[in-house]
> 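Sending over a structure as structure tokens; questions will come in a sec.
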Amino acid sequence: MNAAGMNILVLRLGFYVAVAAPFVAVALAEHAFLVQVAIGIAVSAILALAWDILSRTGQVSLGHAAFFGMGGYGSALLTPVLGPVLGWIAGLLLCGAVAVLLGAVTLRLRRLYFTIATLSFSLSIQVFILVTPDLTGGSTGIMPPVLAGGSPPHQLLFITGCLVAAAAVSDVFLGSRFRPAFFMIRNNPHLAAASGVPVTRLKILAFAVSGMVAGLAGACYAGLYGYVIPDDVFTTNWNVLPLAVTILGGMDTTLGPVVGAVALRLLEEVARHFVGGVGYQVVYGAVIILFIVGMPAGLVGFARGLLRRRKATERPDGAKARLAS
Amino acid sequence: MTTAAVLQAVILSLTVAALYAAVAAGLTLTVGVTRIINFAHGEFVMLGAFLTYGLHTRWGVSPWLGMAASGVALGLLSALVYRLFLARVLKQDEHNQLLATLGLSILLLNIAVILWSPDPRVMQAPALLPPLRLGPVTVPGNNVAVALVGLLLFLAMLWIKNHTRYGTQMRFASDDPELALHAGINVDRVFELSFVIGGAAAGVSGGLVALVLYVQPSVGVDLVIRAFAIIALGGLGNIPGALMGAAILALVEGLVSTFVPQGGSWGFGVAFLLLLLVLIVRPSGLFGKQVQA
Amino acid sequence: MSGLRIEGCTVAFGGLRAIDNVTLAIPEGTITALIGPNGSGKSTFVNMVSGQIPPAAGRILLGGGAITGLRPDRIVHRGLARTYQVPKVPKELTIEEVISVPLRYARSDRPLPPGVRSAADLARYCGLRPAGGTRCGQLSVSDLRRLEIARALACRPDVLLLDESMAGLSLEDTEQVIALVREIHAAGVTVLVIEHVMRIIATLCRHAIVLNQGRLLAEGEPQRVLTDPDVREAYLGKGFTL
Amino acid sequence: MNRFQATVERAGYGALTVIPHLAFEVSGGELLVLLGPNGAGKTTALRALAGTADTGRRALRLDGQDLSALSTWQLAHAGLAYVPDGARCFATVTVEENLRGAFEALRPRAARAERQRLLDGVYELFPVLKQRGSQLAGSMSGGQRQMLAIARALMIEPKVLMLDEPSAGLAPKLVEELFEALGRIKASAGCAIVMAEQNFAAAMGIADTCLVLDEGHVALSGPVAAVRHDERLRVAYLGL
Amino acid sequence: MGRILASLLAAAAMAAVPAMAQQPPLRIGVPLPLTGALAGGGNQILWGIQYAAGEANDAGGLLGRKIELVVEDTKGEPNTSATVAAKLATQDKVDAFVGGFGSTSDYALLNALQRFEPIFMHAGSSSVRLEEGFGKHDWYYHIYIWDYHRQKAAVTFFKSIPGAKTLAIAYEDKLYGTDGSKFTQQYAKEAGLEVVMNEPYRAGTPDFAPILNRVKGLDPDILFIIGYSGDNIQIARQADQLGIKPKLLVTQGAGEKRSDFGPAGDNVVVIDLWSAKQTTPGLADWVKKAEAKRGGEVVSSAVQGYVAMRTLIDAAKAAGTWDRGKILAGLASMTFDTPYGKVAYTASEMGGKHQLITDKSMIAVQYKPDGGQEVVWPADKAAGKITYPAR
């Protein structure tokens, strides 16, 4: 490895430490309330990272609850059979396999049709659970093995580990091997194909990885409190959340979904604190709308824009480049 | 199963289809012109339902009139929403548009919860029309009214789009927005108009919801998802296609629920599985224009 | 090895035959021009050869092997690269990143141009300054054209199709791109230039092919082809003489 | 009447300036042709005038009235009809609706008879459109679509008609027909016509004045008769 | 006269304020789903809790301290519930919990609260998994019935109807309905009732014609619906409109009101924990006051919340001081005078130590064609006889 590669590696590791540090700090402080908030944030962030990986190839999903739920159910049902490690791996592989299938059949779908197809998928898979009580526990739910012996701080540490893993996966797909190719596929698939990129294969790869990471989020979630019904994991909430988190945080980055998850949850808790009752949900909805109008590129995109603008004013040639564009 | 039973199931499913179709009618027009999937359409329907319910319960206003009033009110609200923020969001990416309308949906739903509590309530109105006897099947009067108004809404959308000058402008604007500008059409205004008409249709269909379903802040959530399925099934923006889509969705759900054991659970999932399969085979819906590969 | 051969190919959109039973050959090691008035089917021709729109009938041979019906990325692997006239590149990517895509994905054992090792080298080779991580969103049209050529070269092609790479460029830019094409050719790449500006064709090419209404109208030396009465009529209209 | 003066400054896309400067004027009953090979900037010039180029400043005057500040759709209401290149029409709409809609967009309250008069006019000019009235525009051939595009512009009774390469992609016979029709429009409608064209011969047959563009610059301009045999035309065009 | 009385009352209240202000308020954590799918029930329960707390505060507070409710929305979602639990326990440091509704979210809630061992008055949720998981704790008090209580009561009621032999069940296909259907089938089998249909439906579906169509063919003696209020109303209404009147339509109370049904509700029977019309001594007065405060009908789920809060208040009053041990002891041993009648917390079948309402407390109410309603079962609480068959 050359020096530049070494530098990048150190930078990355530093980034992961920076991301994990607040979570670890909360876990070590054993602050019961913040631990639960942090767990919720970490799960959202993992799911949002999964969604973002897929969206980098131009596939806007509204059906990630399907993989979230499958990950939760898969790991919970397979752990008693295969043990915790193999059970989780098998659960995630199941998510990946289903994602490959869904990715393959939705390849030809464009824009809104793709989005509706993913939504349809998540709605029909939920019903699959309801009607197979013998296999999946049906609507009365399952009682998955509880993570980390049910100690919330330990659970948080474990989920933080999963978040770092998801961030690392996200970074692999933001690396030189995939990022340019993915963006090219999203922006102009013809140009990508004309550059020798196997467009179909990469789109399905993104789907598989995204499905597995979403499954990881679901597995973490299902392992928290010991009792899960389909309504907890296969609901529209989990279809919409990754979209909201990622867009508010900033797309096409690893930091964006993490920042978005923190921001969204804090927004909710703050609104809950100051508004309370039912009204806080109104504030929440209103703020989402304001964000979309005011910061269409998300928090990370907004911050980058500010930085770039400042740089541009410092460097005259930079200013010229902006003017030209 | 007897022929009569099948006939009964089919006819009753078709009256449900009319309700779905009514909810989808406005959405298919808006989507066809602006390409925006408006998640808040379900909440527009809900608001229409509350308005019709409130007018009838408090002042005894006839649901016929209530529906019309809801249409006007929701049309105005749509204009407000469009001008305040949707016009800006139109220029953004599709995922941002999705999130924007989702935010609006959360906002409206929770405002309704605050104003009216989450409890379901029922409009006790005498049947608007006499029941219709079709052979062995009796269709309740209010369902007849829903079928009638639903169909009328669809015809109205079709008529607006195909036989009015605004409709022509909408078709021009969705076909080729830039060329429409050259033809002297204020495309932004046309988009707004299509959104307003979609909202008005949502208001009217909300009146229908009050007529045959219960009124509840969350009543629009399931309905709007079905409406998406319907317009995707029929091909985005294809109005007659959406009518067929509504019929197919309701028939699949209804027949599976009636004739398959445990079908009440299967029906919904099967309908969406079918939609997924249709999209796999025909990527632009059953009646949509197929795109070049 | 015999360059690119098109045998009886047809592409139809609805009732319109954009390419109508065309047979022609682009011999290995040449710079050939493909010309024709607007709407004559040149762009469709490029899309057909590069696999974006497979022909309804006929065969396409590259280096003696059939590439008909292959996926575009497979065709790239076989050694054929193309540029786009108005390239829509992801504006968030840098020049180097765009060039790195084919470097990584287009599997070819052909060498890069002499002295070129990396994406940055290739960018400089094509007259771009990749330093400072310039994003594609900030590039001028002439730089985008160079980027397109660099991207296509990064596919390490045997045959390179340049779709109007010089249209709309300034005189100076045009000269530079012409020089670049010559250099690429000198490195052993067979080049097909789709161009409108006759002056460029006359100076750059030894061989020209004229399409009109989706059919092959004429073929031969540029000077001769351009004075062909049929070609003149196709371009300038009937009964007009210059 | 219908005296149209236009100036374009620094028109282009993104960082690229295609047309540094261009100015012309044309009056009713006259046809000005912008000649030049592809890439010369004809399309950009027209798009800049219509307000759909990325960048550029324009100044438009029609009979002394300043139209520079109008947006694209308002220009049509001021009597400026623009027919973009590529025979663009509303493909998912029938031929007759294309025409009727164009009329109604500008004059929503006009009498039906008025619309019919204009319809009859364009049908007389392009009889094929009458036969195809109920057909979807997208299903017609290129030549027919081009006729429709022009007919659509005529439905607003334009004072100025701007056409971008109406002959592109058409068979010679169709080009002949089309230009013959343009000649009649010029003669009868009294509007000023600005046309970007690559096809010399046909354009020269109906044009009054001519402006030859070479890589964004005006290489040559003047009455057709004078330009026609100028050697510079040949250089700009064929590079020979 | 009335005005003088009102001002006197106001003066009394004013006088009470300084007394209460001397001591810090008693903080009661109220975690409930106020938004989301379970919001309907959650808000009803909340009202009941608020009413009970208000009563106590109006009367000078509890143990001289004002009761302060710290209400938090769980959204019916597990992680939010756990977060809310942690917040109430560690930030607000509440003195006790009253609330909870929604089985999996309450599971997470209790899971997170376990190590704090608070006094927990559980107003909602009937999943036996909660009983199995937390019923054994001496700090855990459950007001609402467990699933099997309700279904046992239902079947006992069915058996009491002369001539009723066949049963058709329609249930919402999620947790509540599915568990309900399971237990109903089990008890029906034991009781010798024939279950001729057992069909799920999707909650919120606008169309119950498929199920009603099946019922029409089977013509059971009883059609039993296990679902949420909106669906109950919708089924009754559609049955009425389609003319598919079963011999008896029975629903389980889920917060709906008689007035919601209109004429479609005529002769419908609702099995519930409580009715304003049941012949419990002293109830009429309570109902009158509560309805005046509510500005409308008081439904059963509101009473759940009321009783949860009220029994805590009574136990604390009996203890005379806010002492965890004394209050828990009181809760376990006392008999409470509630809108349900005189009830006590007793052990239940699947491991729960403190269960207030069981199948024995349950009632059946029949909606009368005059727009009223009447308790028709059990005999000791009944005011009238059941109309059967209803058509």
Side-chain angles (χ1 to χ4, degrees), chain B residues 1-2 5 8-9 11-13 15-17 19-20 23 106 109-110 113-114 117-127 131 137-143 146 209 212-219 221-223 226 250 253-269, chain E residues 33-44 47 170-174 177-178 197-214 216-217 228-234 236-238 240-244 254-257 259-265 296 299 301 371:
Chain B
M1 70 191 85
T2 61
Q8 168 137 14
I11 291 175
L12 291 176
S13 296
T15 66
V16 175
L19 181 68
Y20 292 172
V23 173
I106 295 174
L109 193 145
N110 287 290
V113 168
I114 291 174
S117 92
D119 294 334
R121 61 206 74 199
V122 172
M123 185 167 75
Q124 301 293 350
V137 191
T138 304
V139 184
N142 276 344
N143 290 61
V146 168
V209 167
V212 291
L213 206 62
Y214 41 84
V215 181
Q216 192 176 19
S218 61
V219 77
V221 178
D222 250 23
L223 285 173
R226 283 194 173 92
E253 242 188 291
L255 294 181
V256 169
S257 301
T258 310
F259 297 112
V260 178
Q262 308 286 299
S265 274
W266 284 102
F268 185 77
Chain E
L34 304 176
T35 58
L38 299 174
N43 282 283
Q44 291 285 4
W47 183 83
Y171 61 96
E172 68 94 24
D173 63 0
K174 292 178 186 161
T178 308
M197 184 191 95
N198 183 43
E199 280 294 322
Y201 63 82
R202 189 182 150 78
T205 185
D207 182 24
F208 289 95
I211 279 184
L212 293 167
N213 259 335
R214 287 185 198 222
K216 192 184 180 189
Y228 297 111
S229 53
D231 296 332
N232 292 345
I233 298 167
Q234 185 69 0
R237 208 150 65 121
Q238 255 188 325
D240 184 51
Q241 288 174 338
L242 292 171
I244 306 176
E256 62 269 43
K257 307 183 197 83
S259 53
D260 291 335
F261 283 84
V299 298
S301 38

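Order of the sequence lines fixes the chain letters, A, B, ..., with proteins taken first and strands second; residue numbering starts at 1 for each chain.
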> Relative to chain B, which segment of E:L34 carries a heavy atom at a distance below 4.5 Å: side chain, backbone, both, or neither?
backbone
> So which residue, B:L255, B:V256, B:D222, B:T138, ends up with the most heavy-atom pairs under 4.5 Å with chain E?
B:D222
> Where do B:P118 and E:N43 come nearest, in terms of heavy atoms and distance?
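Scanning both residues completely, I find the closest heavy atoms to be CG-ND2, 3.2 Å.
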> So for B:S117, is it side chain, backbone, both, or neither that comes closer than 4.5 Å to the heavy atoms of chain E?
neither
> Apply side-chain hydrogen bond (donor to acceptor under 3.5 Å, both in side chains) to E:Q44 and B:D119, showing your working.
CA-CA 9 Å; E:Q44 291 285 4; B:D119 294 334; 3.1 Å; yes
> Write down the atom of B:G264, the atom of E:D173, and the distance for their closest heavy-atom approach.
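Shortest heavy-atom separation between B:G264 and E:D173 comes out as O-OD2, 4.5 Å.
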> Let me know if E:F261 has heavy atoms under 4.5 Å from chain B in its side chain, its backbone, both or neither.
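For E:F261, the backbone is the part near chain B, not the side chain.
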> Answer with yes or no whether the side chains of E:D260 and B:Y214 bring together a donor and an acceptor at under 3.5 Å.
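Looking only at side-chain atoms, E:D260 and B:Y214 do not form any donor-acceptor pair under 3.5 Å.
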> Checking heavy atoms, do the side chain of E:I211, its backbone, both or neither come under 4.5 Å from chain B?
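No part of E:I211 comes within 4.5 Å of chain B.
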> How close do B:R226 and E:P206 get, counting heavy atoms only, and between which atoms?
NH1-CD, 4.1 Å
> With a 4.5 angstrom heavy-atom cut-off, could you sort out which part of E:R214 is near chain B: side chain, backbone, both or neither?
side chain
> Can you tell me which portion of E:D240 sits under 4.5 Å from chain B's heavy atoms? Options are side chain, backbone, both or neither.
neither
> Quick check: does any side chain N or O of E:R237 sit under 3.5 Å from a backbone N or O of B:L213, one acting as donor and the other as acceptor?
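Yes, because the side chain of E:R237 sits within donor-acceptor range (under 3.5 Å) of the backbone of B:L213.
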> Which one wins on heavy-atom pair count under 4.5 Å against chain E: B:V139, B:V260, B:T15?
B:V260
